[in-house]
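The next block holds one structure in the form of structure tokens; read it before the comments.
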There are 2 protein chains.
Amino acid sequence: MANKLKHDRQLVINQATNLFWEKGFHATSMRNLQDHIDMRPGSIYAAFGSKEGLFKETLQCYADGSLKRLQASVEATPSPLAAMKHFVKLVVQQGKNQAPNEMCMLVKTVSELTEENEELLEESKRLLKVMENAFADLLSQAQQAGEIDSSKDPQRLARLIQMQLIGLRLYARTSNSENSVNDLIDDLFNCLK
Amino acid sequence: MANKLKHDRQLVINQATNLFWEKGFHATSMRNLQDHIDMRPGSIYAAFGSKEGLFKETLQCYADGSLKRLQASVEATPSPLAAMKHFVKLVVQQGKNQAPNEMCMLVKTVSELTEENEELLEESKRLLKVMENAFADLLSQAQQAGEIDSSKDPQRLARLIQMQLIGLRLYARTSNSENSVNDLIDDLFNCLK
DNA sequence: TTTTATATTGAACACTCGTTCAAGTCCAGA
DNA sequence: TCTGGACTTGAACGAGTGTTCAATATAAAA
């Protein structure tokens, strides 16, 4: 029959995600990728079709990871509101230390791309909306648990959280003061009250 | 003596600002610039030294414009808090219709660049801090006018506004719903109370 | 062991990038 | 009118871009 695949597809996508997340779509060249994931052009194009094709898979990989981290926060604490706050702190803190970039990869992509890469732009927007909906679910649970005023609209609160989380991560990139960012997280959750 | 300058320097910088603001640093090629500002490579390099040199001047041009728009908002209304809100609405609305890009050019630059263009990155961060300080001044005036609780720290409020304005403009780029964005502006200013 | 189908390789392609510089253009002062 | 010197031009450069494809390597099936 055939030759076995030398490369584990999911591993390759993870590695590519880290590189794209760090440098962005345009600043990551195919040569950068070749070195980082240890594949030659022919193999990459056979597996993913194009740079755009590979990038699209990394967007989904990134969003999957974000959803899983949110889910893990939910399972780690009985309070939905505390889980929401834990997730925000985790994301900001990991941005400082571990993650390839302080910013959300989806936001970085929306910021970078134009209509020239419409499919990638729309996919990023779609995945951001998926995250926002997950926030709304969680805030709705917080409401049922009596942690949030029942007169508020969870979808609208989720939108506010999403907007502020976007701002927060970008602000963290502009500022070297950790105290400032921690203050901002407190202020952010005060807005929900 | 000499030949007169054919090109008006300030006009050229304004035109370059619009193009860089729209497309970003890397996605704007020197060929794009040559067409847009109607200058040949030699003239551009004689006047600005490099692509980075020109970009740095456009960053300052952009920040100048932002400060002037804030100043105009202040002069248009007797209430400092109303001026702050007017500025936010203006910036978001112009982003939808007139401006080259929904996003703040400084934020877009911080999002795009890495240590590879450290000088441009630092300059963007510096100019964002200038804006934040201008917000703090204005909020301090609002405090003296009794529009904001006197126990709050204007610098911290300014930081919150800055963070939310960054998030707001980026959120506006991800969403097609004008109502959502207007709701966010209201929620944003409720956070100040 | 031979065949066969697929995975992998990397040189090469056409193109674009930021930048340089010798040649040409232009006008004020002599 | 001539000359000197600053400004402008655009072809050309080397390096880098995303992508292709004929050649090669590999392992399961015959």
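Below, chain A is the first sequence line, B the second, and so on; all start at residue 1. These numbers come from a predicted model, not from an experiment.
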**OP:** Please work out which residues in residues 108-124 of chain A have a non-hydrogen atom less than 4.0 Å from an atom of DNA chain D and list them by number.
**Re:** none
Original post:
Of the nucleotides C:dT9, D:dT8, C:dT20, which has the atom closest to the B:Ser43 side chain?
Top reply: D:dT8
Original post:
Salt-bridged, B:Lys89 to B:Asp186, with N to O below 4.0 Å?
Top reply: no
**OP:** Give, ordered by number, those residues of residues 23-35 of chain A having at least one heavy-atom distance below 4.0 Å to an atom of DNA chain C; if nothing qualifies, reply none.
**Re:** A:Arg31
Subject >> The single option from B:Phe25, B:Phe55, B:Tyr62 passing side chain to side chain contact (heavy atoms under 4.5 Å, CB included) against B:Thr109 >> reply: B:Phe55
Subject >> Ion pair A:Asp187/B:Arg159, N-O distance below 4.0 Å >> reply: no
Original post:
Counting side-chain heavy atoms from CB outward, which of D:dT9, C:dT20, C:dT8 is closest to B:Arg40?
Top reply: D:dT9
Original post:
Does B:Glu119 pair with B:Lys56 as a salt bridge, N-O distance under 4.0 Å?
Top reply: yes
Original post:
When you check the side-chain N and O atoms of A:Tyr171 and A:Glu102, is any donor under 3.5 Å from an acceptor?
Top reply: no
Original post:
So does A:Lys108 pair up with B:Glu112, basic N to acidic O under 4.0 Å?
Top reply: no
**OP:** Please check if A:Ile185 and A:Leu81 belong to a single hydrophobic cluster, counting links between Ile, Leu, Val, Met, Phe, Trp and Tyr side chain heavy atoms closer than 4.5 Å.
**Re:** yes
Original post:
Considering only D:dT19, D:dG10, C:dG18, which nucleotide approaches the side chain of A:Ser50 most closely?
Top reply: D:dT19
